[in-house]
Amino acid sequence: MNRNEILSTLKENPDVSVLIVGAGINGIGTFRDLALNGVNVLMVDRGDFCSGASSASSHMAHGGIRYLENGEFRLVREAVQERNRMIKNAPHIVQPLPTTIPIFRYFSGLFNAPMKFLGWLDKPSERGSIIIKLGLIMYDAYTGKNRTVPRHQFLSRGSSLKLWQKLNPNIVNTATYYDGLISDPERLAVEQVLDAEADNPNAHALNYVSMVSGQKDTIILRDELTDETYEVRPQLVINASGPWIDFSNYNLGLSTKYIGGTKGSHLVLDHPELRREIGDNEFFFENKDGRIVLIFPLYDRVLVGTSDIKIEHPDEAFCTDEEVEYFLGMIARVFPTIKVTRENIVFRFTGVRPLASSTAKSTGQSSRDHSIEVLSGDWTSLNFPVYSLVGGKWTSFRAFAEQVTDKVLAHLGKSRQKSTSDLPIGGGRGYSTDAAEQKRQIDGFAAWTGLDRERLQTLYVRYGSRTEAVAAFIKRGTDVSLKSMPEYTRREIMFLAQYEKVERLDDLILRRTMLAMLGRLKQGSIEELADVLAESFGWNAEKKNAEAARTLRLLEERHGVRF
Ligand SMILES: Cc1cc2nc3c(=O)[nH]c(=O)nc-3n(C[C@H](O)[C@H](O)[C@H](O)COP(=O)(O)OP(=O)(O)OC[C@H]3O[C@@H](n4cnc5c(N)ncnc54)[C@H](O)[C@@H]3O)c2cc1C
């Protein structure tokens, strides 16, 4: 069903078993699991899918080695296992990532770690080789038998400098361990929405629909594209609004203070020298006061992050000039001879971590774990319970969603029929990482679509096994390359517009593709893409120009992109 059909069905029948408010990765993961288990479920987001905290991550599928210091052993074990599952279930988007820590001291942090664990130390500090070695031994142990990534390795100063010639010669050694790289989180999210809807005719997801209020047995939703309002009568509401959870509860007449969010920003750099130097490695390290910095290979670009700053209102988060200076300075600490300037920045982004509110003095010590907070009964004005999903990392979304789904199924008196544990996601279904098998699949697509192999190979990198559907669509019409970006064609963009729930131009350039994040947009690209959407959706000139102007403004104000 398309958006209009879902909305008119809702007008006729406002009863749903479960309403999920918020389509970040936690809402989406839960939506998929409930759909798979036959539940009648509606998910709404006031913006696009995966446009909140879930669009601002460091792109790591990781256990969070430093959370060991905070004593979060359960979380680290769960996240390491989930990292392994993501690499297996979504191999088209999540790949093993060698992660290197340049180490500047042997002994530092030796006393801080146990003191932090006991809660006697609040200040972050730099960790030395010994404490890092102990952490990595534990981290490897959590991977268990299900090994999808190699064990960690320590390299001497000499060997490290041979491998990375521009690395700061003041290091004492380096440690390399493995995590996962989520190359395109927004696609991984939307592919799950599509999977869920394909699996269950009673599972529907709507972007640009806000939950505005609720009383007794009714919730009021507002279509943000038309201002029209709709009533829904759910048996249960899942508040998956991430950093906005307390605001959504307020809309329901509930007073909560679950979230103590921290802001984190990132820069994307076009810097071939730095990109060459890091190779396939993420460099993950601490500055002198123990704050984490990462320098990360993202396609042919370099991702640099991140900050961790307390913030009251998530809508006020943006990347400041101070953060930009801080990141540029941190690169110089590790690669002192590589010159990086503001000219190299092609994109910047910021999000708010939906952490549980905490009394910890340093943001790094706030728990990264998740919980389900239940509000129900006489002291609410609602006839249904509200489950708030507090916390939850990208990496552990599946496990969190499973815990939520089990609780919901118990409430509805249903039992679990299927598990997402080994279920491939979207273009990961039938996808192979083996080069010979990839070639065989691409030859097969080429034989029946007539598209050339090089083009199919590009599509395979972007869409995994979903290439088959994209190629079939392309084949059904006359196709031409975009003038401003010949690596894309009109029909490829039309496919995304028609089959991937695109409503606005920025959905396409920020979340269905990596065009904006990787700095691929050229002069004229916005107008050209708006033109393709206008043809797909029947927009008139006024609507098309308004979308283009809005997108240009958004790119400049939020992401520092100028043409
Ligand atoms: C800077 C940063 C770096 C991170 N790095 C990593 C990492 O490398 N690896 C990792 O595993 N995790 C990482 N995380 C954590 C992870 O990204 C988040 O914890 C996770 O994405 C939270 O998802 P969510 O679904 O709970 O929230 P969100 O993604 O914020 O989703 C909530 C949604 O609710 C919607 N909403 C709000 N109010 C309403 C309403 N009234 N009606 C309808 N919809 C509403 C919003 O529009 C939003 O889309 C990082 C987070 C940040 C901020």
Side-chain angles (χ1 to χ4, degrees), residues 19-31 42-64 67 75 78-80 82-83 86 94 97 99 179-182 185-186 188-189 205-214 219-224 237-252 258-259 261-266 282 284 292 294 296 303 305-309 311 314-315 317 319 323 349-356 363 368-370 388-401 404 511:
L19 171 69
I20 301 178
V21 179
I25 193 53
N26 288 318
I28 289 174
T30 306
F31 177 70
L42 173 69
M43 175 172 67
V44 296
D45 198 291
R46 66 176 192 165
D48 189 22
F49 305 109
C50 199
S51 60
S54 303
S55 67
S57 88
S58 303
H59 292 223
M60 288 193 288
H62 67 148
Y67 310 148
L75 169 66
E78 179 182 81
V80 165
E82 289 304 317
R83 172 201 72 193
M86 280 173 99
V94 189
L97 172 72
T99 302
D179 263 326
L181 184 164
I182 315 174
E186 292 78 5
L188 190 56
L206 291 166
N207 47 2
Y208 299 103
V209 171
S210 297
M211 184 277 286
V212 285
S213 64
I219 294 267
I220 306 294
L221 303 177
R222 183 178 59 228
D223 182 345
E224 294 297 337
V237 168
I238 296 177
N239 178 355
S241 315
W244 294 272
I245 279 181
D246 295 315
F247 299 92
S248 291
N249 279 338
Y250 180 81
N251 290 355
L252 295 172
Y258 292 141
I259 299 295
T262 70
K263 170 182 97 151
S265 300
H266 292 85
E282 173 190 14
F284 187 74
I292 295 295
L294 52 96
F296 192 101
L303 179 69
T306 174
S307 39
D308 198 0
I309 303 165
I311 188 161
D315 289 341
C319 179
E323 286 174 281
F349 60 95
T350 301
V352 175
R353 300 174 183 85
L355 306 177
T363 49
R368 262 50 180 176
D369 212 345
H370 50 253
S388 298
L389 310 192
V390 178
K393 293 155 55 62
W394 239 107
T395 312
S396 44
F397 81 84
R398 194 211 62 84
F400 191 16
V404 180
R511 290 170 291 275

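Please read these numbers as outputs of a predicted model, since none were measured by experiment. Atoms within each ligand, like the ligands themselves, are counted from 1 in listed order.
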Got a donor-acceptor contact below 3.5 angstrom from the [X] side chain to the [Y] backbone?
| X | Y | value |
| --- | --- | --- |
| T350 | A317 | no |
| T395 | H62 | yes |
| T262 | I309 | no |
| N207 | F49 | no |

Return the residue, atom name and 0.1 Å-rounded distance of the protein heavy atom closest to [atom].
| atom | answer |
| --- | --- |
| atom 38 (N) of ligand 1 | S248 OG, 3.5 Å |
| atom 41 (N) of ligand 1 | M211 O, 3.2 Å |
| atom 23 (O) of ligand 1 | S54 OG, 3.1 Å |
| atom 51 (C) of ligand 1 | R353 CG, 3.6 Å |
| atom 31 (O) of ligand 1 | G24 CA, 3.3 Å |
| atom 49 (O) of ligand 1 | D45 OD2, 2.6 Å |

Considering both backbone and side-chain atoms of [X], is one of its nitrogen or oxygen atoms within less than 3.5 Å of a nitrogen or oxygen in ligand 1?
| X | result |
| --- | --- |
| A61 | no |
| G391 | no |
| S57 | no |
| N26 | yes |
| M60 | yes |
| S58 | yes |
| V352 | no |

Q) Among all residues two or more places apart in sequence or in another chain, which pass the salt bridge (charged side-chain N to carboxylate O under 4.0 Å, His left out) test with D223? A) R3

**Q.** Test salt bridge (charged side-chain N to carboxylate O under 4.0 Å, His left out) applied to R83 - qualifying residues, sequence neighbours left out
**A.** D179

Q.
Under a plain distance cut-off of 3.5 Å, with no hydrogens placed, do T99 and E282 share a side-chain donor-acceptor pair?
A. yes

Looking at ligand 1, does [X] have a heavy atom less than 4.0 Å from it?
| X | result |
| --- | --- |
| L389 | no |
| H266 | yes |
| V209 | yes |

Please report the interatomic distance [atom1]([X]) to [atom2]([Y]), rounded to the nearest 0.5 Å.
| X | Y | atom1 | atom2 | value |
| --- | --- | --- | --- | --- |
| M211 | D45 | CE | CG | 11.5 Å |
| E82 | F397 | CD | CZ | 7.5 Å |
| L303 | M60 | CG | CE | 9.0 Å |
| F349 | S55 | CZ | OG | 8.0 Å |
| L75 | K393 | CG | NZ | 6.5 Å |
| I259 | W244 | CD1 | CH2 | 11.0 Å |

So which of [options] gets nearest to [atom], if we judge by its closest heavy atom?
| atom | options | value |
| --- | --- | --- |
| atom 28 (P) of ligand 1 | S55, P185, G22, A53 | A53 |
| atom 43 (C) of ligand 1 | R46, E82, R222, K263 | R46 |
| atom 32 (C) of ligand 1 | S241, A79, G47 | S241 |
| atom 16 (C) of ligand 1 | F247, F296, W394 | W394 |
| atom 27 (O) of ligand 1 | S307, G242, A401 | G242 |

Q) Does a side-chain N-to-carboxylate-O contact under 4.0 Å join E323 and K263? A) yes

If the cut-off is 4.0 Å to any non-hydrogen atom of [X], which atoms of ligand 1 fall inside it?
| X | value |
| --- | --- |
| H59 | 8 (O) |
| A56 | 1 (C), 2 (C), 3 (C), 52 (C) |
| W244 | 30 (O), 37 (C), 38 (N), 46 (C), 48 (C) |
| G264 | 1 (C) |
| G392 | 18 (C), 19 (O), 20 (C), 22 (C) |
| S210 | 42 (N), 43 (C) |
| G52 | 29 (O), 30 (O), 49 (O) |
| T395 | 9 (N), 10 (C), 11 (O) |

Q. Looking at V212, L42, L206, which hits side chain to side chain contact (heavy atoms under 4.5 Å, CB included) with L221?
A. L42

Q: Evaluate side-chain contact (heavy atoms from CB on, under 4.5 Å) for Y208 paired with S51, printing each intermediate quantity in order.
A: CA-CA 11 Å; Y208 299 103; S51 60; over 6 Å; no

**Q.** Minimum side-chain heavy-atom gap N249-S388 below 4.5 Å
**A.** yes

